[in-house]
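Written below as structure tokens is the structure these notes are about.
The analysis underlying the following values was restricted to heavy atoms, covering all of them including side chains, and did not include hydrogens, waters or symmetry mates. Chain A is the first sequence line, chain B the second, and so forth, proteins listed ahead of strands; every chain is numbered from 1. All of these numbers come straight from a predicted model, not from anything done at the bench.
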Number of protein chains: 2
Amino acid sequence: MAATQRRGPVVPPTLADVAELAGVSRQTVSNALNNPALLRTDTLERVQEAVAELGYQPNRAARNLRTRASHLVGMRFAPAQEGTANALMERFVHSLVEECRAAGYHVLLFAADHDDITSGYDELVRSTAVDAFVVTDTYLGNPQAAWLEQNRVPFVAFGRPWDDPDAGHPWADVDGAAGVAMATRHVIGRGHTRVAWVGWRKDSRIGEDRRSGWSATMRERGLPTTGLAARVEDTIASGKEAAAMLLDEAHPSAFVCASDTLAMGVLHTLHDRGLVPGRDVAVVGFDDSQAAQVVPGGLTSVRQPLEEVAVEVVAALQGMLARPRLVHPPRLLTPSLVVRGSAP
Amino acid sequence: MAATQRRGPVVPPTLADVAELAGVSRQTVSNALNNPALLRTDTLERVQEAVAELGYQPNRAARNLRTRASHLVGMRFAPAQEGTANALMERFVHSLVEECRAAGYHVLLFAADHDDITSGYDELVRSTAVDAFVVTDTYLGNPQAAWLEQNRVPFVAFGRPWDDPDAGHPWADVDGAAGVAMATRHVIGRGHTRVAWVGWRKDSRIGEDRRSGWSATMRERGLPTTGLAARVEDTIASGKEAAAMLLDEAHPSAFVCASDTLAMGVLHTLHDRGLVPGRDVAVVGFDDSQAAQVVPGGLTSVRQPLEEVAVEVVAALQGMLARPRLVHPPRLLTPSLVVRGSAP
DNA sequence: CACCCCCTCTTGATCGTTCCAACCGCGTGT
DNA sequence: ACACGCGGTTGGAACGATCAAGAGGGGGTG
């Protein structure tokens with residue numbers, strides 16, 4: 001036996017091998033694995049021993065073919081943009097992988113053409129390579145969400161369906177407005193009254209949502225907002241320029257930003273002007289990126305509970321695949337504030 | 001027909017459906033896809049039309065079962081450590097996904113128990129869920145590489161087999177010593193003569209390799225190294241302490257570091273002491289992390305050519321799966337230096 | 001004209017698993 | 001004593017693709 005395995009790839013045992021060793025039929029072995037309650041305890045034990053002895057694992061391809069399920073979840077993996085501080089995905093994907101494992105799923109990554117967003121999805125659906133998708137970039141006006149829904153492809157979104165509040169698919173998201181409100185209250189609590197907002201352009205729904213957390217809190221506390229907001233591209237340079245402009249024209253003592261990238265831009269301006277973050281001017285970012293964690297002095301930032309998002313997403317996936325009719329209720333999760341030197 | 005598809009999931013067409021529509025047998029359709037040269041051109045066209053009309057894609061599970069190949073590549077996905085600036089994986093994984101797509105493969109992510117490293121691999125191998133693995137964390141004394149080799153599981157490593165120079169598996173790696181040498185020459189070229197090294201503990205093979213790039217270059221230029229090196233944990237705090245110690249005792253005017261995390265630690269000390277990076281003291285990191293890119297002033301850093309690594313890894317995978325006997329020759333790739341404010 | 005061969009296409013079997021319906025032994029109710 | 005239900009088991013048929021081998025027809029050759 002050892003001699004036959006010395007050369008060439010090891011050929012894994014099959015259900016039939018286990019059945020023969022245990023002295024039962026294939027179906028009994030199958031039941032032992034998928035429906036153990038049907039077996040007498042002594043038979044079950046005998047089968048389990050045989051399974052353990054051979055190191056048997058059911059062949060995925062055969063099982064997939066028969067059950068019409070792959071136990072794979074597809075996810076399009078877009079790279080983090082260089083030169084920004086947005087690195088959510090690594091954290092999220094890891095949590096997702098962990099959660100999926102607990103649920104008996106694996107994560108399949110794929111890339112799509114940049115011009116044809118649906119290409120990757122389409123191919124995987126038609127070849128029945130995955131059971132469902134996790135869609136993460138719903139902020140792009142999500143053409144793929146609409147496409148998936150139209151084609152009755154199961155998927156769960158990380159991100160709200162902004163354009164269609166009662167879309168038929170399950171989703172989980174983080175309450176950006178609540179996070180920014182938390183950040184704003186934090187700096188107000190430290191005595192700041194002129195709190196500026198550096199956010200994204202108006203066409204970003206997420207950006208407007210986050211901004212509302214700032215403006216609502218300011219209004220609530222009776223503080224001014226006019227002239228204290230900037231809406232720019234999500235780059236270091238834009239954040240830097242916006243901060244310079246705001247400092248000159250509106251004299252804020254604190255900045256709340258839509259992203260860590262913008263916040264890092266603000267830090268650049270303070271750095272250039274010899275202002276000390278946290279002492280002269282408070283700065284809060286959003287995402288708790290690695291840059292926020294390691295920048296000298298530290299950047300206070302709103303941290304998304306990506307682990308919880310992953311839990312919700314996988315729960316929704318399981319529900320959706322088990323009972324396709326039932327729609328999992330959406331979940332909106334609350335982020336937390338990580339306080340560091342830039343806004344102590 | 002439309003009525004039958006209105007409710008419930010759409011059932012994809014099979015080979016038989018295409019065959020019927022094209023008026024040929026199943027096998028002919030199969031040949032049209034896998035071996036088109038065997039068909040007469042007019043038949044081929046007829047089949048291709050039918051394929052296009054039905055939107056046919058071969059069922060993965062069935063194909064996998066029959067061909068005993070899944071066209072999936074497994075990769076263990078470990079999360080980036082919080083509080084450090086090491087975020088290589090996201091970039092590498094994306095490149096890998098792109099390359100795999102070109103080669104007709106997909107990437108399957110999985111997580112393993114922290115105590116039993118081989119658990120995830122074992123399960124996937126025995127269930128024939130993946131054709132091969134990409135192993136990335138070979139620096140941990142790689143128990144999984146040894147295990148995989150022993151069990152004749154195909155895999156390609158990103159990282160050299162440090163402990164076993166002529167290991168039987170293909171690999172690609174980045175020449176860390178060359179990268180550090182490049183960094184060291186850069187600061188020497190700018191007039192620095194007392195160049196310090198902040199690296200990892202001695203038990204790290206990668207760390208010692210990178211260190212050799214510094215020490216060899218210094219020796220080559222006839223510059224002193226004694227008292228100018230520190231070997232510490234890969235954390236911000238350790239880098240910060242090491243920099244303080246070195247500044248007090250050896251008075252270096254430049255720091256070359258084994259990682260961006262350590263380099264950020266050095267920046268912390270400079271920041272505390274009112275020293276300006278790039279003007280008073282030069283600092284070079286390793287990895288070109290997001291933190292290096294966005295920190296005020298910018299951190300000069302050695303950038304790993306992860307895209308090229310991915311190309312090599314996938315090429316090795318293809319060769320290995322096509323001709324298991326032949327061993328793909330290892331490749332050692334040269335990194336580049338990204339110059340920013342900390343060492344202009 | 002018969003023979004052979006090559007090119008093209010078809011038929012039957014197979015991969016390893018799960019689903020289906022039938023089967024068997026056994027105890028129970030009538 | 002016979003039918004019946006029930007827990008436990010059995011062989012056979014699917015799932016959808018590929019592999020192996022064979023069938024049919026046209027053209028070249030002796």
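Dense packing is recorded around CZ of A:Arg46, with more than 12 heavy atoms of other residues, nucleotides or ligands lying under 6.0 Å away. The number of heavy-atom neighbours closer than 6.0 Å to CD of A:Glu20, taken from other residues, nucleotides and ligands shown, is 12 or below. The number of heavy-atom neighbours closer than 6.0 Å to CD of B:Gln48, taken from other residues, nucleotides and ligands shown, is above 12.
Put simply, the side chain of A:Asp131 gets close to the backbone of A:His71: a donor and an acceptor are under 3.5 Å apart.
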task = Between protein and nucleotides 16-25 of chain D, map the contacts as a letter string: B base, S sugar-phosphate only, - none, heavy atoms under 4.0 Å, written 5' to 3'.
result = BBBBB-----
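Checking each of B:Leu39, B:Leu33, B:Leu38 against B:Asn35 for a side-chain contact (heavy atoms from CB on, under 4.5 Å) leaves exactly one that passes, namely B:Leu38. Here the options are A:Trp147, A:Phe77, A:Tyr121, A:Phe158, the test is ring pair (Phe, Tyr, Trp, His ring centres under 6.0 Å), and the partner is A:Phe133; only A:Tyr121 passes.
The ring-ring contact (aromatic ring centres under 6.0 Å, His included) contacts involving residues 11-47 of chain A comprise nothing, where partners must be two or more places apart or lie in separate chains.
Reading DNA chain C from its 5' end, the first and the last nucleotide to sit under 4.0 Å from a heavy atom of chain A are C:dG16 to C:dC20.
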